[in-house]
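I have placed the structure first, in the form of structure tokens, so that the comments after it can refer back to it.
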Amino acid sequence: MATKILKLISGEEIVADITVGKEEYTLNKPFHLTMARDPIKPDGDLQLALFPYAPYVQDHTLHINKSHVIWIEDSHASMIKDYARALSALSITDVNAK
């Protein structure tokens with residue numbers, strides 16, 4: 001598994017720990033990449049933001065057919081740090097927890 005960025009045919013860009021299979025990519029804990037403004041400074045510059053992608057799926061793992069991917073590339077070191085920071089800030093609640 002390696003942290004990579006991929007772009008789907010829908011235009012979405014996703015960063016995740018990705019395993020390459022024969023016909024699909026397996027994305028573990030994927031995050032959607034988008035440009036956003038700081039809500040505290042709405043007139044500020046756009047910044048890269050990471051949001052959980054499909055956070056409701058079990059085990060936070062997705063399987064995407066290779067035909068739905070335009071490109072896949074290694075992440076820049078700074079993106080890997082941002083992704084790790086986003087993962088550590090992510091709070092997942094088990095609905096079956098007592």
Side-chain angles (χ1 to χ4, degrees):
M1 219 179 324
T3 302
K4 294 185 176 281
I5 299 174
L6 58 79
K7 185 168 188 154
L8 301 176
I9 58 174
S10 62
E12 297 166 299
E13 292 183 4
I14 300 172
V15 61
D17 285 328
I18 298 175
T19 302
V20 179
K22 184 177 180 182
E23 295 181 17
E24 68 183 17
Y25 296 107
T26 301
L27 284 60
N28 186 31
K29 297 184 175 104
F31 277 75
H32 177 243
L33 301 172
T34 190
M35 298 303 287
R37 294 191 197 285
D38 184 336
I40 298 171
K41 300 177 185 175
D43 293 333
D45 293 335
L46 285 172
Q47 301 175 12
L48 183 63
L50 285 80
F51 296 99
Y53 187 79
Y56 42 81
V57 299
Q58 189 169 357
D59 299 327
H60 306 284
T61 302
L62 297 173
H63 303 278
I64 297 179
N65 190 292
K66 287 184 175 181
S67 67
H68 296 281
V69 176
I70 295 174
W71 54 258
I72 181 169
E73 292 294 334
D74 292 330
S75 299
H76 190 277
S78 63
M79 174 55 65
I80 293 172
K81 287 179 185 177
D82 290 344
Y83 175 67
R85 197 170 19 254
L87 281 176
S88 67
L90 182 64
S91 175
I92 300 168
T93 303
D94 183 355
V95 295
N96 296 319
K98 302 219 188 293

Problem set entry | Set of side chain to side chain contact (heavy atoms under 4.5 Å, CB included) partners for Ile80, sequence neighbours left out | Thr3, Ser75
Exercise. Transitively linked via ILVMFWY side-chain contacts under 4.5 Å: Val15 with Val57?
Worked result: no
Problem set entry | Shared hydrophobic cluster for Ile14 and Leu87 (ILVMFWY, side-chain gaps under 4.5 Å) | no
For this session: Count the heavy atoms of every other residue, nucleotide or ligand shown that sit under 6.0 Å from NZ of Lys66, and state whether that count exceeds 12.
Result: yes
For this session: Any chance you could lay out the side chain to side chain contact (heavy atoms under 4.5 Å, CB included) test for Glu73 and Ile5, step after step, and finish with the verdict?
Result: CA-CA 5 Å; Glu73 292 294 334; Ile5 299 174; 5.6 Å; no
Problem set entry | Thr26 and Ile18: CA distance, side-chain angles, deciding distance, side chain to side chain contact (heavy atoms under 4.5 Å, CB included) verdict | CA-CA 6 Å; Thr26 301; Ile18 298 175; over 6 Å; no
Seminar exercise, completed: Heavy atoms of Asp17 and Tyr83 approach each other most closely as N-OH, 3.4 Å
For this session: List the steps, then state whether side chain to side chain contact (heavy atoms under 4.5 Å, CB included) holds for Val20 with Tyr25.
Result: CA-CA 5 Å; Val20 179; Tyr25 296 107; 3.9 Å; yes
Problem set entry | Donor-acceptor contact below 3.5 Å, side chain Ser10 vs main chain Leu8 | no
For this session: Find the distance between CG (Asp82) and NE2 (His76) and round it off to the nearest 0.5 Å.
Result: 11.0 Å
For this session: Can you measure from NZ (Lys4) to CG (Asp74) and round to the nearest 0.5 angstrom?
Result: 3.5 Å
Problem set entry | Euclidean distance, Phe31 CZ relative to His60 NE2, rounded to 0.5 Å | 9.5 Å
Seminar exercise, completed: Hits for side chain to side chain contact (heavy atoms under 4.5 Å, CB included) against Ala84, two or more places apart or cross-chain, chain-then-number order -> none
Exercise. Between His63 and Leu27, is a side chain to side chain contact (heavy atoms under 4.5 Å, CB included) present by the stated rule, with each step listed?
Worked result: CA-CA 6 Å; His63 303 278; Leu27 284 60; over 6 Å; no
Problem set entry | Donor-acceptor side-chain pairing of Ser67 and Asn65 below 3.5 angstrom | yes
Just distance, no hydrogens or angles: give the donor-acceptor pairs under 3.5 Å from side chains in residues 42-56, sequence neighbours left out.
from	atom 1	to	atom 2	distance (Å)
Tyr53	OH	Glu12	OE1	3.2

For this session: For the pair Glu13 and Lys7, find out whether any cationic side-chain nitrogen is under 4.0 Å from an anionic carboxylate oxygen.
Result: yes
Exercise. Taking a hydrophobic cluster as the set of Ile, Leu, Val, Met, Phe, Trp and Tyr residues connected by side-chain heavy atoms closer than 4.5 Å, whether directly or through intermediates, do Trp71 and Ile64 fall within one such cluster?
Worked result: no
